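Shown next, in structure tokens, is the structure this report addresses.
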Amino acid sequence: MADTTGNTGRTAGNSGEAASGEGNSSPRKSSWKYIGPGIVVAATGVGAGDLVATLIAGSNFGYTLLWAAILGCLVKISLAEAAGRWHLSTGRTLFEGWASLGRWTTWFFVVYVVIWGFVYGAAAMSSSGLPLQALFPDVMDLKWWAILSGLVGLVFVWFNKYAVFEKVMTGLVGVMFLVTVYLAIRVTPNLGDAFAGLVPVLPDEQDSILNTLGLIGGVGGTITLAAYGYWVNAKGWTNTGWMKVMRLDNRVAYATTGIFVIAMLIVGAELLHASNVAIASGDKGLIQLGDILEDEYGTATSKFFLIGFFATSFTSLIGVWHGVSLMFADFVERYRARREGTGDQMASGSGEEVASGAREKSWPFRAYLLWLTFPPMVLLLEGQPFRLIILYGVLGAAFLPFLALTLVWLLNSSRTPAEWRNGMLSNAMLVIAGLLFIVLCVKQVWDQPWSEFF
């Protein structure tokens, strides 16, 4: 595959290779030794909320929606692949692509990351604190466990570059994998029913279509899908020579996500559905599951699950702390460059800027890290403001349709070299994803208590 971007001076290497200063866009052989960004995006995208949603789907419908969980992984594969392909084929970051579509994209991004980051920071810290409080109930209150989790995440991301970050994420994914697969085996899945769940069938219940769409759309990440391209660059992959490697890496990401989701759906189907046991939505549902596991299988299994719960929550925390901070740093640097009239020169090497690690030490990166950590502590201590939570829900629901449809726009235009533009399958998957997320966004907006907002 030839490098069609015209940037022959890019660094082509993985995170362990020194920058040689000589571009090399010859195809790299797809190899498991390069896998990394996919593990990061899988770990970040699958949070406690995703596991609870899948667990509840299994609890309510048994194996009926197994096919929907798998379809959700396929949809996200197409989105992450498109983001990675944009970064590698153009040498530009995704924010640079968005900026080329008009100022409205910049305004959307700014409002989104400010409000979303403020509320998400509190949610992520609380989610990481819950299993710690359950493991060590007499040490301190949940809010202090949450604050401690946020501070540990801040220090870790602040003082480490991508290579260390990836290794830690990989280790935590290993813990998540062992715990979820162990639980799926422990509850003794009914393989016949599981295979039957691969046939697309809707549950015979009210709102079954919306519930099914929600499960498809909720598997494995929101803004972390956009961050995938940045992690690809941070790994040192900056040109089309890494395209095959990126695609293998992306498939590994969502195969891993699929295993997590299927395992939790099995637990819901076997442990909860069969016994007609209901659990709460949200992270506290996993605490309830820990209590149920203790009653059924003993304290050791319950503790093992809580460790997996913490790994799931903490990987989402540090993944967002790192990935979205990279995106914010890119936004600030692009904005500054445009004001100074050097935007085109900076954009031509924006992928290398991320690959060099310069973004991770920049003041915008660290400023957003602080924004994710300290202001949300007010929400942990004082409670979450009603209006802000509504805006957070709406903006979060709007981001994935924004991502899907802007990727369709970028990857079918002259902004992308002809060789790497969308084919029929990519277009179909991205359009399907966009329409799916528009439906879910409309539902989210419709469901908000707007009468109480004003």
Side-chain angles (χ1 to χ4, degrees), residues 37-38 40-47 50 72 75-101 104-117 120 124 162 217-235 237 246 249-250 253-254 257 316 318-334 350-351 353-354 359 364-365 368 372 392 395-411 415-416 422 426 429-430 433-434 436-438 440-441:
V40 172
V41 77
T44 307
V46 180
D50 297 287
V75 167
K76 300 298 175 63
I77 283 175
S78 65
L79 284 166
E81 188 275 339
R85 179 154 43 93
W86 166 263
H87 277 247
L88 295 182
S89 66
T90 66
R92 299 183 176 217
T93 62
L94 187 54
F95 182 80
E96 186 67 22
W98 286 337
S100 73
L101 301 178
W104 66 274
T105 59
T106 299
W107 285 110
F108 176 82
F109 179 77
V110 171
V111 173
Y112 177 81
V113 295
V114 170
I115 294 178
W116 180 89
Y120 180 84
Y162 175 80
V219 175
T222 51
I223 195 171
T224 54
L225 292 164
Y228 178 64
Y230 288 83
W231 285 322
V232 163
N233 285 159
K235 180 75 169 174
W237 306 346
M246 182 275 292
D249 179 76
N250 181 44
Y254 284 94
T257 300
S316 293
I318 61 175
V320 166
W321 264 229
H322 187 275
V324 184
S325 296
L326 270 181
M327 295 181 69
F328 182 78
D330 186 50
F331 152 70
V332 173
E333 295 299 339
R334 298 275 76 72
S350 52
E353 285 289 322
V354 178
R359 290 282 186 269
F365 180 91
Y368 194 73
L372 283 167
Y392 166 78
L395 285 170
F399 184 81
L400 281 178
F402 168 79
L403 175 62
L405 298 178
T406 54
L407 284 171
V408 171
W409 191 346
L410 291 170
L411 292 169
R415 297 172 180 83
T416 303
N422 279 355
S426 293
M429 291 298 291
L430 289 176
L436 164 67
F437 296 130
I438 286 172
L440 294 175
C441 179

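Keep in mind it's a predicted model, so treat the numbers as computed, not measured.
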Side-chain touch L79/F437, heavy atoms, less than 4.5 angstrom: yes
List in chain and number order the residues that pass side chain to side chain donor-acceptor pair (under 3.5 Å) with W86, two or more places apart in sequence or in another chain; answer none if no residue qualifies. none
Distance-only polar pair, side chains of R415 and T90, donor-acceptor under 3.5 Å: no
Expected output: side-chain S78 to main-chain V75 donor-acceptor under 3.5 Å: yes
Compare all side-chain heavy atoms of Y112 with those of I223 and state whether any distance is below 4.5 angstrom. yes
Does either side chain, that of W231 or that of H322, offer a donor lying less than 3.5 Å from an acceptor on the other one? yes
Side chain to side chain, C441 and F399, heavy atoms closer than 4.5 Å: no
Determine whether K76 and L225 satisfy the following criterion, side-chain contact (heavy atoms from CB on, under 4.5 Å), listing intermediate values before the conclusion. CA-CA 8 Å; K76 300 298 175 63; L225 292 164; 3.4 Å; yes
Less than 4.5 Å apart, side chain to side chain, heavy atoms only: is that true for E353 and E333? no
First locate atom CE of M246, then atom CD of E81, and finally report the distance between them rounded to the nearest 0.5 Å. 4.5 Å
Please report the shortest heavy-atom distance between Y368 and V113, naming the atom on each side. OH-O, 2.7 Å
May I ask you to decide if L410's main-chain N or O and T416's side chain share a donor-acceptor pair within less than 3.5 Å? yes
Atom pair CZ/CZ of R359 and F365 - distance to nearest 0.5 Å: 11.5 Å
Start with the C-alpha gap between L403 and L94, add the side-chain angles, then the distance that decides, and say whether side-chain contact (heavy atoms from CB on, under 4.5 Å) holds. CA-CA 10 Å; L403 175 62; L94 187 54; 3.9 Å; yes
Not counting sequence neighbours, which residues clear side chain to side chain donor-acceptor pair (under 3.5 Å) with T106? List them please. none
Please check: side-chain N/O of N250 versus main-chain N/O of I77, any donor-acceptor pairing under 3.5 Å? yes
Could you please spell out the steps behind the side-chain contact (heavy atoms from CB on, under 4.5 Å) verdict for L405 and I438? CA-CA 10 Å; L405 298 178; I438 286 172; 3.8 Å; yes
Sequence neighbours left out, what passes side chain to side chain donor-acceptor pair (under 3.5 Å) with D249? Give chain and number order. Y228
Going from CG on L372 to CD1 on I318, what distance comes out if it is rounded to the nearest 0.5 angstrom? 13.0 Å
Just so I know, are the side chains of N422 and R85 near enough to count as touching, which here means a heavy-atom distance under 4.5 Å? yes
Exercise answer: donor-acceptor pairs, residues 325-332 side-chain atoms, under 3.5 Å, sequence neighbours excluded:
| unit_1 | atom_1 | unit_2 | atom_2 | d |
| --- | --- | --- | --- | --- |
| S325 | OG | W321 | O | 2.5 |
| D330 | OD1 | T93 | OG1 | 3.4 |
| D330 | OD1 | R334 | NH1 | 2.8 |
| D330 | OD2 | T93 | OG1 | 2.5 |
| D330 | OD2 | Y230 | OH | 2.8 |

Which pair of non-hydrogen atoms, one from L430 and one from V408, has the smallest distance, and what is that distance? CB-CG2, 3.4 Å
So, taking the atom named CZ in R92 and the one named CG in N233, what distance separates them when rounded to the nearest 0.5 Å? 13.0 Å
Side chain to side chain donor-acceptor pair (under 3.5 Å) partners for Y120, two or more places apart: none
Shortest non-hydrogen contact from Y254 toward A80: CE1-CB, 4.1 Å
side-chain contact (heavy atoms from CB on, under 4.5 Å) against T105, all qualifying residues, sequence neighbours excluded: W98, L101, F402
Shortest non-hydrogen contact from A253 toward A42: O-CB, 3.3 Å
Just verifying a value: how many Å separate D50 CG and S316 OG, rounded to the nearest 0.5 Å? 7.5 Å
